[in-house]
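The structure under discussion appears below in the form of structure tokens.
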Amino acid sequence: MDSLLRLGRLLKGRTSTYTSANVCHFRLESECYIRKSFQSRISSFRPLIDEIEGPSDLATLVLKHLDDDLLNASVAQQLTSLEIKQVAKKTLEALKVLHEAGYAHTGIKLLVDCRNTVRVDFVFSKDRDIIEAPIWRSLEAQLQIRWDTPTDIWSLGTMLRQHQWFGPFPLSYKDIADDETLAILTYISKDDKPFILKNMNLDPRDRPTSKELLQGEWFKSA
């Protein structure tokens with residue numbers, strides 16, 4: 001495997017040849033299965049454009065190159081309300097397909113990375129495996145309570161919060177933060193707050209489903 005996927009190696013696909021630039025073996029088979037199973041139903045997925053010819057037990061994918069991602073784009077220029085809603089809508093549409101098929105994505109990079117997508121009735125959820133980085137991890141996963149599809153709804157909330165749309169910071173922050181920081185932490189519109197609060201409900205049973213969120217008022221202008 002290492003000799004086939006080392007950086008800079010020329011790889012032969014079914015339709016073309018490629019130079020390996022990014023190599024990660026962890027759960028690659030899961031990535032292959034999810035993309036093959038759902039690519040035709042989730043238009044916003046990062047496109048799978050080819051597969052590498054090699055050993056039958058070695059899963060190797062060629063995905064469309066992306067020049068940028070949401071994090072870099074938002075750092076370069078603050079996203080507008082409409083842009084944030086469009087990203088959230090695309091993400092929820094993809095989550096709806098996965099959730100209705102019995103899968104949880106367990107992360108925030110849904111449209112570009114599916115390696116950690118698992119069935120919620122498999123051992124990972126039953127054994128309360130730790131998922132995602134702590135900053136994005138749902139409360140139930142942090143506490144090692146059995147998690148399910150609502151963990152993805154929490155992760156979406158943390159993604160939106162990361163882009164300065166919401167921050168559950170206590171009033172005591174006014175004593176330790178400067179004016180500029182406080183302005184960022186308190187920036188929130190009346191239209192956005194209810195949506196984020198629904199996503200980050202502490203009890204996962206009280207969080208709306210992806211379908212319910214898509215049917216909400218927040219997306220009427222998206």
Side-chain angles (χ1 to χ4, degrees), residues 24-48 59 61 63 66 69-71 84-163 165-166 168 195-216 218-219 222:
C24 183
H25 307 311
F26 181 64
R27 291 188 175 178
L28 188 55
E29 289 187 358
S30 174
E31 178 94 21
C32 289
Y33 176 78
I34 293 299
R35 291 196 176 277
K36 290 179 181 179
S37 300
F38 296 102
Q39 187 84 55
S40 63
R41 299 167 58 189
I42 303 178
S43 60
S44 53
F45 259 180
R46 183 179 179 182
L48 169 64
L61 299 177
L63 302 178
L66 301 179
D69 58 34
L70 179 63
L71 178 59
I84 287 287
K85 288 185 179 183
Q86 289 173 340
V87 171
K89 186 175 182 180
K90 290 292 185 181
T91 302
L92 280 171
E93 288 172 345
L95 285 176
K96 178 177 177 293
V97 174
L98 292 177
H99 290 175
E100 290 179 349
Y103 289 86
H105 180 259
T106 71
I108 62 164
K109 299 178 181 179
L110 174 60
L111 305 182
V112 296
D113 186 348
C114 299
R115 286 167 293 171
N116 295 323
T117 303
V118 296
R119 286 195 60 85
V120 295
D121 56 358
F122 275 15
V123 66
F124 306 105
S125 173
K126 294 178 180 179
D127 287 354
R128 308 170 187 181
D129 281 11
I130 293 294
I131 53 175
E132 197 44 83
I135 189 174
W136 314 117
R137 192 178 299 150
S138 66
L139 182 62
E140 60 270 24
Q142 291 276 20
L143 297 174
Q144 292 189 277
I145 300 171
R146 181 173 178 177
W147 44 264
D148 206 311
T149 53
T151 194
D152 290 336
I153 303 302
W154 175 283
S155 295
L156 175 64
T158 63
M159 180 184 75
L160 297 177
R161 186 185 68 188
Q162 180 73 5
H163 293 285
W165 282 71
F166 178 68
F195 180 81
I196 303 297
L197 289 178
K198 290 177 183 178
N199 280 260
M200 303 192 73
N201 199 307
L202 296 181
D203 190 332
R205 298 170 297 181
D206 294 334
R207 290 175 210 147
T209 65
S210 50
K211 180 179 180 179
E212 290 169 340
L213 287 171
L214 285 167
Q215 294 173 341
W218 196 65
F219 287 112

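For the numbers below, each heavy atom of this structure counts, side chains included, while hydrogens, waters and symmetry mates do not.
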- Message: Students often mix this up, so state it plainly: with edges at 30° and 60°, are the rings of Tyr33 and Tyr103 parallel, tilted or perpendicular?
- Response: tilted
- Query: Thinking salt bridges, do Arg41 and Glu100 make one under a 4.0 Å N-O criterion?
  - Reply: no
- Would you check if the side chain of Asp148 reaches a backbone N or O of Pro150 as a donor-acceptor pair within less than 3.5 Å? no
- Stepwise side chain to side chain contact (heavy atoms under 4.5 Å, CB included) test for Leu92 and Ile153: CA-CA 8 Å; Leu92 280 171; Ile153 303 302; 4.1 Å; yes
- Note on the structure: CG of Asp203 to CD of Glu140, rounded to nearest 0.5 Å, is 8.5 Å
- Evaluate the side-chain proximity of Leu214 to Lys89: yes if any heavy-atom separation is below 4.5 Å, no if none is. yes
- Indicate yes or no for a side-chain donor-acceptor contact from Trp154 to the backbone of Arg137 under 3.5 Å, with no hydrogens or angles considered. yes
- Do Phe38 and Cys114 have side-chain heavy atoms sitting under 4.5 Å apart? no
- Message: Has Ser37 got a side-chain atom pairing as donor or acceptor with Ile34's backbone, closer than 3.5 angstrom?
- Response: no
- Message: Using only atom types and a distance under 3.5 Å, with no angle test, would you say the side chain of Lys85 pairs donor to acceptor with the backbone of Trp218?
- Response: yes
- Return the minimal non-hydrogen interatomic distance between Lys90 and Ser44, and the atom names on each side. O-OG, 3.7 Å
- Interatomic distance, His105 atom NE2 to Thr149 atom OG1 [nearest 0.5 angstrom]: 14.0 Å
- Scan Asp152, Thr106, Thr151 and name whichever one has a side chain to side chain donor-acceptor pair (under 3.5 Å) with Ser138. Thr151
- Query: Rounded to the nearest 0.5 Å, how far apart are CG of Leu202 and CG of Leu139?
  - Reply: 6.0 Å
- Which pair of non-hydrogen atoms, one from Lys96 and one from Ser210, has the smallest distance, and what is that distance? CA-OG, 3.1 Å
- Query: About how many Å separate CG of Leu95 and CG of Leu213, when rounded to the nearest 0.5 Å?
  - Reply: 9.5 Å
- Query: So which heavy atom on Met159 is nearest to which on Thr91, and how close?
  - Reply: CE-OG1, 4.3 Å
